[in-house]
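Here the structure is a predicted model, which is why all the values come from computation and not from measurement.
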Amino acid sequence: MGGSWMWEEIGTGEAWNKNNLTWLVDGMKNGTLILVADGSYDRKRAPNVSGAGWVIYCTETQRFLRGFFYELSDSASSYRAEQLGILALLHLSLALEEFYDVKNWHGKLCCDNQSALYQASKKLIRIRPGAKGADILRNMRTVKQQLTARFRYEHVDGHMDRILLWHQLPLINKLNCICDQLAKRSVARS
């Protein structure tokens, strides 16, 4: 069993114009991008589905690019969903880097799963065949070897919207809430 639709649901929150991503390229060059990912898993309703949501936000222009997708797999889990969200951001970063010829840029990559974030931040050399999400970790290693971007990996407390009002949330928590909603939507859509 397998399947993934990683790039079908992408948008900017405004009239989608894939030909006008200059703000994104400028954000790469200026170090003003925050990349956030979250995952979702529903053991009862969709036991073979890992859903992921992601956002790339520019602090200078306040514009964003967002997307969500799901994977069908016998290995589906919450942790796998978190890993898939981070992996999508790394793949997209590499694609943008290569297409727009932007090298050695900096950004912040955030996730509310400390373990998935820690694995993403490591320089992966060897991956045990039995490691949880070994296929994703190998893919991550390959992408990171080609990527010239340097990320500051930052954990974000998840579900803070249950405690604070929206206007009280720091930006990074708002972005995480958006990713959480996108990830849940992807599982529901599956």
Side-chain angles (χ1 to χ4, degrees), residues 4 6-7 10-13 18 20-39 50 52-69 79-128 131-158 160 169-180 182-183:
S4 183
M6 194 173 287
W7 308 116
I10 298 177
T12 60
K18 65 182 178 203
N20 185 11
L21 295 178
T22 55
W23 65 271
L24 190 56
V25 176
D26 291 342
M28 292 168 72
K29 292 176 180 175
N30 299 328
T32 58
L33 296 183
I34 301 173
L35 295 79
V36 184
D38 199 12
S50 297
W54 54 265
V55 171
I56 300 177
Y57 180 84
C58 178
T59 57
E60 180 72 26
T61 64
Q62 299 181 351
R63 295 179 82 177
F64 65 92
L65 183 68
R66 60 103 182 121
F68 61 95
F69 64 97
Y79 180 66
R80 186 172 181 84
E82 300 279 356
Q83 285 182 307
L84 286 168
I86 293 171
L87 182 61
L89 287 173
L90 293 174
H91 270 280
L92 184 55
S93 295
L94 179 60
L96 291 168
E97 188 175 285
E98 290 180 351
F99 186 80
Y100 291 106
D101 195 30
V102 179
K103 303 291 183 217
N104 301 312
W105 58 283
H106 299 275
K108 187 182 340 182
L109 199 152
C110 307
C111 180
D112 65 6
N113 185 294
Q114 286 182 322
S115 182
L117 192 63
Y118 172 73
Q119 288 297 324
S121 71
K122 287 173 45 178
K123 184 175 181 179
L124 302 168
I125 298 169
R126 288 185 178 226
I127 299 159
R128 290 182 301 105
K132 201 168 195 175
D135 59 329
I136 295 173
L137 294 175
R138 283 189 196 92
N139 193 313
M140 205 176 281
R141 175 185 61 195
T142 301
V143 172
K144 286 179 63 175
Q145 288 171 345
Q146 299 171 61
L147 198 57
T148 66
R150 297 294 169 248
F151 293 112
R152 190 172 82 237
Y153 295 88
E154 188 175 308
H155 176 258
V156 56
D157 292 324
M160 290 301 292
L169 292 172
L171 173 63
I172 197 164
N173 292 93
K174 288 179 181 178
L175 295 174
N176 182 254
C177 289
I178 292 168
C179 290
D180 183 53
L182 292 170

Heavy atoms only: give me the nearest L89-A37 pair and the separation to one decimal.
CD1-CB, 3.7 Å
Is the shortest side-chain heavy-atom distance between L65 and W23 below 4.5 Å?
yes
A side-chain contact here means heavy atoms from C-beta on lying under 4.5 Å apart; do F68 and C179 qualify?
no
So, taking the atom named CZ in R141 and the one named CG in L137, what distance separates them when rounded to the nearest 0.5 Å?
9.0 Å
If you measure from CG on L175 to CD1 on I34, what distance do you get to the nearest 0.5 Å?
6.0 Å
Applying salt bridge (Lys or Arg N to Asp or Glu O under 4.0 Å), which residue pairs with at least one partner in residues 83-111 are found, sequence neighbours left out?
K108-E154
When you measure from the side chain of T32 to the backbone of M28, do you find a donor-acceptor pair of N or O atoms at a distance under 3.5 Å?
no
Hey, what do you get for CG (L94) to CD (Q145), rounding to the nearest 0.5 Å?
11.5 Å
Using side-chain heavy atoms (C-beta onward) and a distance below 4.5 Å, is N176 in contact with C110?
no
Quick check: does any side chain N or O of Q146 sit under 3.5 Å from a backbone N or O of T142, one acting as donor and the other as acceptor?
yes
Only one of V156, D180, V55 passes side-chain contact (heavy atoms from CB on, under 4.5 Å) with D38; say which it is.
D180
Could you tell me which non-hydrogen atom of L90 sits nearest to which non-hydrogen atom of F151, and how far apart they are?
CD2-CE1, 3.8 Å
Working to the nearest 0.5 angstrom, can you tell me the gap between L109 CG and R150 CZ?
13.0 Å
Measuring from L35:CG to F64:CZ, what's the distance to the nearest 0.5 Å?
14.0 Å
Could you check if a side-chain atom of T59 sits within less than 4.5 angstrom of a side-chain atom of L33, using non-hydrogen atoms only?
no
Looking at side-chain heavy atoms only, is the closest gap between Y57 and Q62 below 4.5 Å?
yes
Using the test side chain to side chain donor-acceptor pair (under 3.5 Å), find all partners of D135 that sit at least two apart in sequence or belong to another chain.
R80
Please check this pair: side chain of N173 against backbone of L169, looking for a donor-acceptor N/O pair closer than 3.5 Å.
no
Crowded around K144 NZ? As in, over 12 foreign heavy atoms under 6.0 Å?
yes
Heavy-atom closest contact (W54 atom, L92 atom, distance)
CH2-CD2, 3.5 Å
With the side chain counted from C-beta on, respond yes when D26 and E60 share a heavy-atom pair under 4.5 Å apart, and no when they do not.
no
What are the two closest heavy atoms between A116 and Y79, and how far apart are they?
N-CE1, 3.5 Å
Are there over 12 heavy-atom neighbours, none belonging to R152, within less than 6.0 Å of that residue's CZ?
no
Ring centroid separation for Y100 and W105, is it under 6.0 angstrom?
no
Rounded distance [0.5 Å steps], CZ in R63 versus CG in L21
8.5 Å
Testing the basics here: between L147 and S93, what is the closest heavy-atom pair and its distance to 0.1 Å?
CD1-C, 3.8 Å
With heavy-atom distances below 4.5 Å as the criterion, would you say the side chains of N139 and H91 are in contact?
yes
G133 to Q83 - nearest heavy-atom pair and separation
CA-OE1, 3.6 Å
So the side-chain hydrogen bond (donor to acceptor under 3.5 Å, both in side chains) pairs with at least one residue in residues 111-125 (sequence neighbours excluded) are none
